[in-house]
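Notes follow the structure.
What you see below is based on every heavy atom in this structure, not just the backbone, and it leaves out hydrogens, waters and symmetry mates.
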Amino acid sequence: MSEVVLRGFGWRHAGRRAWAVRDVDLHIAHGERVLLLGPSGAGKSTLLAALAGLLPEDSGEAAGTIEIDGLDPLKARHRATTEAWSSGRHGEPGQGVGIVFQDPQTQLVMARSGDDVAFGLENRGVPPAQIWPRVSDALDRVGFPYPIIRSTAALSGGEAQRLALAGVLALRPGLLLLDEPTANLDPAGAELVRESLAALRDQTTILVEHRVAEALPLVDRVVVLEAGGGVRADGAPEMVFAAYGDRLADEGVWVPGFTIPPLKSATPPGPELVRASQVAVSQRLAPVSLAVNAGEVLAVTGPNGAGKSTLALTLGGLLAPTGGRVHGFGDDRPPHRWRAATLTGRIGSVFQNPEHQFVTARVADELAVGPRRLGRSAAEVTRIVDDLLDRLRLSKLAGANPYTLSGGEARRLSVATALATAPRLLVLDEPTFGQDRRTWIELVTLLATLRDDGHGIVAVTHDDDFVQTVADRTHRLGSARVRDPLPHRRPGGGP
């Protein structure tokens with residue numbers, strides 16, 4: 001178990017005027033379990049990255065000090081590895097720092113799932129006889145559904161999240177850092193992960209999670225970061241929410257018990273925009289048929305691995321089906337065969353990983369790409385960009401690099417880029433991921449307004465609040481793709 005001490009800590013990304021996080025004074029004792037809260041952009045993910053030693057000096061400006069067991073995070077990480085090798089206590093509980101990123105795809109490094117979990121253990125010098133039993137145990141604890149030979153490139157976002165968590169749990173770190181570990185998981189998978197975290201005994205844990213009510217049983221302390229810098233509140237959960245609940249909810253923190261009024265459509269849906277007829281993608285999506293109408297929000301739900309993101313890409317004209325047909329907008333050609341300008345003007349897509357669709361180095365430039373592609377005038381482009389920056393609370397970030405945004409900010413930017421061309425149909429993959437309470441309400445209200453103005457919206461989501469609040473219709477995909485029944489065993493028959 002590790003002790004964490006921050007004194008006036010701050011970090012500003014290179015090229016940014018505003019600090020990502022600032023003036024944080026915090027002491028976390030050995031074995032404490034802390035839920036780290038705060039509005040989107042308050043610096044939660046940045047703080048976790050700093051604790052993991054993942055903020056190089058040449059990538060920004062630091063202030064104050066941050067220590068893990070009395071050492072700078074980089075030195076603490078190096079010492080844990082060095083001591084493990086020199087003492088022969090390879091990978092014993094309570095050594096080093098482990099982090100699960102908000103985007104798990106960024107920490108998968110091997111081609112096969114079992115090798116990815118084993119990678120960290122091998123680097124820590126864990127004896128080979130211990131590695132594969134620990135790999136198997138970690139995969140079982142997070143409910144990973146495939147054998148260890150499963151390609152990491154074939155995993156859905158939720159499956160990748162389970163694998164990344166397994167890789168960290170297998171290391172048994174002294175400090176466990178978790179950035180939204182259940183955000184992309186189906187309800188059953190999220191519950192299994194929470195059970196795994198509850199069973200941990202040898203870690204100091206810092207958890208960032210928007211599913212606050214579900215996370216509270218896992219922690220004994222809540223720390224709330226202030227958007228402008230510093231710590232807003234710190235203490236036992238019941239004390240923090242009793243003393244600050246109303247104000248925290250107004251500031252964007254997800255406070256248990258604060259309900260959100262429904263925003264269902266009051267009118268029947270309009271004409272059909274797109275129809276999928278027995279659409280399938282080999283190894284990724286079983287045949288599915290559905291129609292999307294103007295003036296409705298259609299939520300696509302289902303377990304991890306069922307093909308929800310694949311369906312979104314197919315409906316959006318970004319992936320050709322291997323079976324069945326997608327057609328719409330009175331066009332005989334399927335969307336994936338439309339010209340780029342035609343597709344952009346009809347359908348806007350938001351990917352599960354927003355970074356995958358960014359193509360420029362400035363937020364404002366990112367929003368201008370679509371309108372310029374459609375031939376809008378310079379004045380029109382400026383008006384569209386300024387309006388979207390304001391509506392999505394991104395005005396202060398207009399000059400920022402999209403890749404330095406927080407997860408919630410990046411998600412809002414990806415939604416804004418889809419809106420920039422005013423398409424009749426929006427296809428959104430996890431649109432509310434990473435949003436604080438205030439930006440969640442604003443984003444959902446914006447989608448409801450677009451729906452009421454006659455746009456069709458398809459949203460792939462695990463967010464039950466989103467479904468209950470704004471979805472007019474739900475289409476649930478069935479079980480996950482056909483899986484190899486082999487257990488989590490090492491290739492060649494070893495354990």
Answer yes or no: is there a donor N or O on one side and an acceptor on the other, between the side chain of R284 and the main chain of G307, under 3.5 Å?
-> no
Does K44 use its side chain to pair, donor to acceptor, with the backbone of G38 at less than 3.5 Å?
-> yes
Let me see the working for E366 and T360 under side chain to side chain donor-acceptor pair (under 3.5 Å), right down to the final yes or no.
-> CA-CA 6 Å; E366 198 70 37; T360 75; 2.8 Å; yes
Taking R33 for its side chain and T205 for its backbone only, find out whether a donor-acceptor pair lies under 3.5 Å.
-> no
Compute whether any side-chain donor of one residue and acceptor of the other, for S395 and D390, lie under 3.5 angstrom apart.
-> no
Taking all non-hydrogen atoms of both residues into account, name the closest pair between R232 and L248 and its distance.
-> CG-CD2, 3.9 Å
Calculate, to the nearest 0.5 Å, the distance between atoms OG and CG belonging to S309 and N304 respectively.
-> 9.0 Å
Identify whether the distance between the nearest side-chain nitrogen and carboxylate oxygen of R221 and D234 falls below 4.0 Å.
-> yes
Flag the pair T65 / L6 as yes when at least one side-chain heavy-atom distance between them is below 4.5 Å, and no otherwise.
-> no
When rounded to the nearest 0.5 angstrom, what is the spacing between CG in N353 and OG1 in T106?
-> 9.0 Å
Just by distance, do the side chain of E32 and the backbone of A29 share a donor-acceptor pair under 3.5 Å?
-> yes
Which atom names give the shortest non-hydrogen contact between I347 and L315, and what distance separates them?
-> CD1-O, 3.6 Å
Taking D436 for the side chain and S40 for the main chain, is one N or O donor matched with an acceptor at less than 3.5 Å?
-> yes
Inspect the contact between R411 and E430 and indicate whether a charged nitrogen and a carboxylate oxygen are less than 4.0 angstrom apart.
-> no
Is it true that D186 and R162 have a side-chain N and a carboxylate O under 4.0 angstrom from each other?
-> yes
S59 side chain reached by W11 side chain, heavy atoms, under 4.5 Å = yes
Do V470 and R451 have side chains that get closer than 4.5 Å, going by heavy atoms?
-> yes
Considering all heavy atoms, the nearest V100-A164 contact | CG2-O, 4.1 Å
Closest heavy-atom contact between A190 and L185?
-> N-CB, 3.8 Å
Test E251 against E226 for side chain to side chain contact (heavy atoms under 4.5 Å, CB included), laying out the working first.
-> CA-CA 9 Å; E251 293 167 5; E226 187 84 72; 4.2 Å; yes
Rounded to the nearest 0.5 Å, what separation is found between the OH atom of Y146 and the CD atom of E159?
-> 3.5 Å
Do the side chains of Q161 and T182 get nearer than 4.5 Å, heavy atoms only?
-> no
Main-chain N/O of P104 paired with Q107 side-chain donor or acceptor, under 3.5 Å = no
From I441 CD1 over to L443 CG, what is the distance, rounded to the nearest 0.5 angstrom?
-> 11.0 Å
Spell out, as yes or no, whether a donor-acceptor pair under 3.5 Å connects the side chain of H455 to the backbone of P423.
-> yes
Using modelled atom types only, decide if a donor and an acceptor are shared between the side chain of R438 and the backbone of V253 within a distance under 3.5 Å.
-> no
Between OG on residue S136 and CD1 on residue I131, distance to nearest 0.5 Å = 13.5 Å
Side chains of S406 and E409: donor-acceptor distance under 3.5 Å anywhere?
-> yes
Please round to the nearest 0.5 Å and tell me the distance separating atom CD1 of I384 and atom CG of L419.
-> 11.0 Å
Salt-bridged, R194 to E214, with N to O below 4.0 Å?
-> no
Considering only heavy atoms from C-beta outward, does the side chain of H27 approach that of V4 to under 4.5 Å?
-> no
Given side chains that start at C-beta, do those of F433 and T461 come closer than 4.5 Å, heavy atoms only?
-> no
In sequence, state the C-alpha distance, the side-chain angles, and the governing distance for D387 and R391, and then conclude on salt bridge (charged side-chain N to carboxylate O under 4.0 Å, His left out).
-> CA-CA 6 Å; D387 177 62; R391 293 171 76 183; 3.3 Å; yes
Taking only Lys NZ, Arg NE, NH1 and NH2, and the carboxylate oxygens of Asp or Glu, determine whether R141 and D137 approach each other closer than 4.0 Å.
-> yes
Step by step, work out the side chain to side chain contact (heavy atoms under 4.5 Å, CB included) result for L389 and V363.
-> CA-CA 9 Å; L389 288 171; V363 167; 3.9 Å; yes
Dump the intermediate steps for side chain to side chain donor-acceptor pair (under 3.5 Å) on T432 and D463, then the final yes or no.
-> CA-CA 8 Å; T432 56; D463 184 348; 2.7 Å; yes
Is any side-chain heavy atom of S414 closer than 4.5 Å to a side-chain heavy atom of F351?
-> no
Take atom CZ in F258; do more than 12 heavy atoms of anything else shown fall under 6.0 Å from it?
-> yes
List the steps, then state whether side chain to side chain contact (heavy atoms under 4.5 Å, CB included) holds for E61 with H13.
-> CA-CA 6 Å; E61 177 185 355; H13 294 288; over 6 Å; no
Can you name the closest pair of heavy atoms from S2 and L175 and give their distance?
-> OG-N, 3.8 Å
What do the steps show when you test T404 against R16 for side chain to side chain donor-acceptor pair (under 3.5 Å), and what is the final call?
-> CA-CA 9 Å; T404 66; R16 296 278 290 274; 2.6 Å; yes
Do E3 and T204 have side-chain heavy atoms sitting under 4.5 Å apart?
-> no
V21 and V24 have their tightest heavy-atom pair at CG2-CG2, 3.6 Å
Is a side-chain donor or acceptor of N123 paired with a backbone partner of F119 at a separation under 3.5 angstrom?
-> yes
Just one of L108, L139, T152 clears the side-chain contact (heavy atoms from CB on, under 4.5 Å) bar with S113, so which one?
-> T152
Chi angles and distances behind the side chain to side chain donor-acceptor pair (under 3.5 Å) call for H210, Q435 = CA-CA 8 Å; H210 281 304; Q435 299 306 307; over 6 Å; no
Is a donor on one side and an acceptor on the other found under 3.5 Å between the side chain of Y403 and the backbone of F358?
-> yes
Carefully, step by step, assess V255 and V212 under the rule side chain to side chain contact (heavy atoms under 4.5 Å, CB included).
-> CA-CA 7 Å; V255 177; V212 174; over 6 Å; no
